[in-house]
S.K.: 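Right, I'll just put the structure down here and ask away after.
Note that ligands are numbered from 1 as they come in the structure, with each ligand's atoms numbered from 1 the same way.
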Amino acid sequence: MSLSATSPSQRRAVRTAVPGPRSAELHARRTGAVAQGVGSVLPAYVEAAGGGVVVDVDGNHLIDLASGIAVTSVGNAAPRVVEAVQRQAERFTHTCFMVAPYESYIAVCETLNTLTPGDNEKRSALFNSGAEAVENAIKIARHATGRPAIITFDHAYHGRTNLTMALTAKNMPYKHRFGPFAPEVYRVPTSYPYRDGLSGAEAAARAIDLIDKQVGADNVAAVIIEPIQGEGGFVVPAEGFVPALAAWARGSGAVLIADEIQTGFCRTGTWFASEHEALVPDLITTAKGIAGGLPLAAVTGRADLMDAVHTGGLGGTYGGNPIACAAALATIQTMHELDLRAAARRIESVMRPRLAALAAKHGGEVRGRGAMLAIEIVVPGTRTPDPARTASIAAACHRAGVLVLTAGTSGNVLRFLPPLVIGDDLLREALDVLEGAFADG
Ligand code: PLZ
């Protein structure tokens with residue numbers, strides 16, 4: 001593991017209630033200042049973080065199984081990232097690439113064009129957030145095809161802006177009373193083997209039949225899909241589902257957009273989850289893990305599509321900010337140096353057997369790939385989602401100093417996204433805590 005001298009010690013320590021008294025004070029202060037619409041999974045306020053640990057203002061050391069939602073894959077405040085940010089901040093903080101450009105933006109695009117699946121000619125454009133990347137991928141697909149319709153899936157998550165809310169499936173909390181939503185977005189069933197029992201080919205045929213009959217192939221600009229659904233509950237589609245949709249898109253003149261914002265950058269044991277099925281998407285959206293915690297996002301894909309847009313048609317004040325670009329280059333270098341793809345697979349080998357034992361005992365299903373693993377929690381002896389038990393197990397983990405997240409349209413999936421630099425001992429300790437939480441929950 002690579003940690004800086006100032007990194008917190010790599011151990012769990014629960015000194016007060018979690019959240020403790022200093023966090024409670026900050027939380028009271030927050031209530032008078034921060035809009036209530038912005039929530040926090042665990043209101044233990046952070047003072048420092050590094051490796052596999054988050055330290056709160058009460059001195060509790062929490063084991064981090066969240067990585068700020070799959071962002072700090074290289075570890076929090078990773079040494080190379082910190083150094084690159086400091087060096088860049090001293091040189092210049094912003095010029096706006098659309099006003100006065102700089103080299104690091106080009107270097108990030110070159111790196112993305114090489115790292116993403118497919119050895120075809122590619123181009124990239126940089127943005128700030130995942131939602132913004134998705135919005136731009138759809139702008140590009142519509143512009144290049146001259147068609148309006150976008151196909152999205154049950155349980156999909158693509159963001160919180162107006163267009164991406166329309167793409168996102170779940171009403172609460174993301175969409176409730178925020179409509180009307182962007183038009184020309186059509187939702188079709190996905191492949192969810194645990195719940196639909198269909199093969200990839202069968203699930204794809206079901207989706208394609210709906211698209212053909214209800215939308216019309218000639219109207220479709222793009223099909224957007226997460227190779228493994230993130231917020232939707234780490235749903236891994238049956239083998240062949242995504243390739244069948246890709247083949248349909250190719251035959252129909254529609255653009256296949258792989259949203260790898262959560263799955264990208266070593267998270268699933270490969271650079272991108274598309275690689276597990278040898279998929280070469282037309283466009284790919286990335287964010288999160290790309291820059292070690294700095295806000296950066298990208299659209300990468302076929303040069304003919306990307307270059308179809310007129311000059312000036314894509315952009316934004318901060319897209320590809322120089323500090324974020326410096327962080328991205330340092331992040332990707334760290335991923336190479338520490339072989340974080342192998343680290344993700346190692347994390348899976350430690351976690352999966354222990355999660356499988358829990359599922360064998362309590363029911364439900366273990367899913368995911370690499371360091372993107374989850375357990376779907378059901379009423380024992382059934383497949384009925386049990387969100388209440390899921391929430392109580394998550395709360396028990398939090399009290400014991402393990403930061404976990406939930407997911408799923410029914411809120412009954414406990415998901416694990418550890419930093420890829422987490423040590424095995426911390427991981428095992430977190431699993432001990434999780435087992436205790438299941439036993440008590
Ligand atoms: N596409 C696949 O996972 C972000 C959302 C957290 P932004 N997922 C975390 C929340 O509750 O807001 C995500 C994703 C996929 C797009 C996005 C959107 O990325 O950077 O949050 O805009």
S.K.: Does an N or O from A131, backbone or side chain, lie closer than 3.5 Å to an N or O of ligand 1?
M.R.: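 Yes: some nitrogen or oxygen of A131 is under 3.5 Å from one in ligand 1.
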S.K.: Which of the listed options, H158, E135, R160, holds the heavy atom that is closest to atom 16 (C) of ligand 1?
M.R.: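 Going through H158, E135, R160 one by one, H158 has the nearest heavy atom to atom 16 (C) of ligand 1.
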S.K.: Side chains of V402 and L434: does their closest heavy-atom pair fall under 4.5 Å?
M.R.: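 In short, these two side chains do not touch, never coming nearer than 4.5 Å.
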S.K.: Which option, F127, Y157, Y174, owns the non-hydrogen atom nearest atom 5 (C) of ligand 1?
M.R.: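 Looking at heavy atoms only, Y157 sits closest to atom 5 (C) of ligand 1.
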S.K.: So do the side chains of D56 and Y45 get within less than 4.5 Å of each other, counting heavy atoms only?
M.R.: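 Not touching, per the 4.5 Å side-chain cut-off.
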S.K.: Answer with yes or no whether G230 contacts ligand 1, where contact means a heavy atom under 4.0 Å from a ligand atom.
M.R.: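 G230: no contact with ligand 1 (<4.0 Å).
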S.K.: Below 4.0 Å from any atom of ligand 1, is there a heavy atom belonging to E260?
M.R.: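 No.
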S.K.: Out of curiosity, M98 CE to T95 OG1, how far, rounded to the nearest 0.5 Å?
M.R.: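 Nearest 0.5 Å value for the CE-OG1 distance: 10.0 Å.
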S.K.: For ligand 1, note which part of S129 has a heavy atom under 4.0 Å away: side chain, backbone, both or neither.
M.R.: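 Answer for S129: both.
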S.K.: Would you verify whether the NZ or CZ of K175 falls within 45 degrees of the ring axis of F181 while also being under 6.0 Å from that six-membered ring's centre?
M.R.: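 Flagged: K175 positioned over aromatic ring of F181.
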S.K.: Going by the atom numbers of ligand 1, which of them fall below 4.0 Å from some non-hydrogen atom of E226?
M.R.: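 Within the 4.0 Å cut-off of E226, ligand 1 contributes 2 (C).
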S.K.: How far is atom 3 (O) of ligand 1 from the closest protein heavy atom, and which atom is that?
M.R.: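 The protein heavy atom lying closest is Q262 NE2, 2.8 Å.
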S.K.: Taking side chain as C-beta onward, heavy atoms only, is D259 less than 4.5 Å from I225?
M.R.: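 No; the side chains remain at least 4.5 Å from each other.
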S.K.: Closest approach of G51 and V421, non-hydrogen atoms and distance?
M.R.: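 Nearest pair, atom of G51 first, then V421: CA-CG2, 4.0 Å.
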S.K.: Can you confirm whether something in the protein, heavy atoms only, sits under 4.0 Å from atom 21 (O) of ligand 1?
M.R.: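 No, because not a single protein heavy atom sits under 4.0 Å from atom 21 (O) of ligand 1.
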S.K.: Are the side chains of F438 and R389 in touch, meaning some heavy atoms are under 4.5 Å apart?
M.R.: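 They are in side-chain contact.
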S.K.: Compute whether any side-chain donor of one residue and acceptor of the other, for T161 and E135, lie under 3.5 angstrom apart.
M.R.: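 Short answer, yes.
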S.K.: Which option out of V41, D259, V134, V38 puts a heavy atom nearest to atom 1 (N) of ligand 1?
M.R.: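 Nearest option to atom 1 (N) of ligand 1, by heavy atoms: D259.
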S.K.: Return a yes/no value for G130: is any of its N or O atoms, backbone included, closer than 3.5 angstrom to an N or O of ligand 1?
M.R.: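 By distance alone, the answer is yes.
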S.K.: By number and element, which atoms of ligand 1 are closer than 4.0 Å to a non-hydrogen atom of I69?
M.R.: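 Heavy-atom distances to I69 below 4.0 Å select 6 (C), 9 (C).
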S.K.: For E132, which part has a heavy atom under 4.0 Å from ligand 1: side chain, backbone, both, or neither?
M.R.: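 Neither part.
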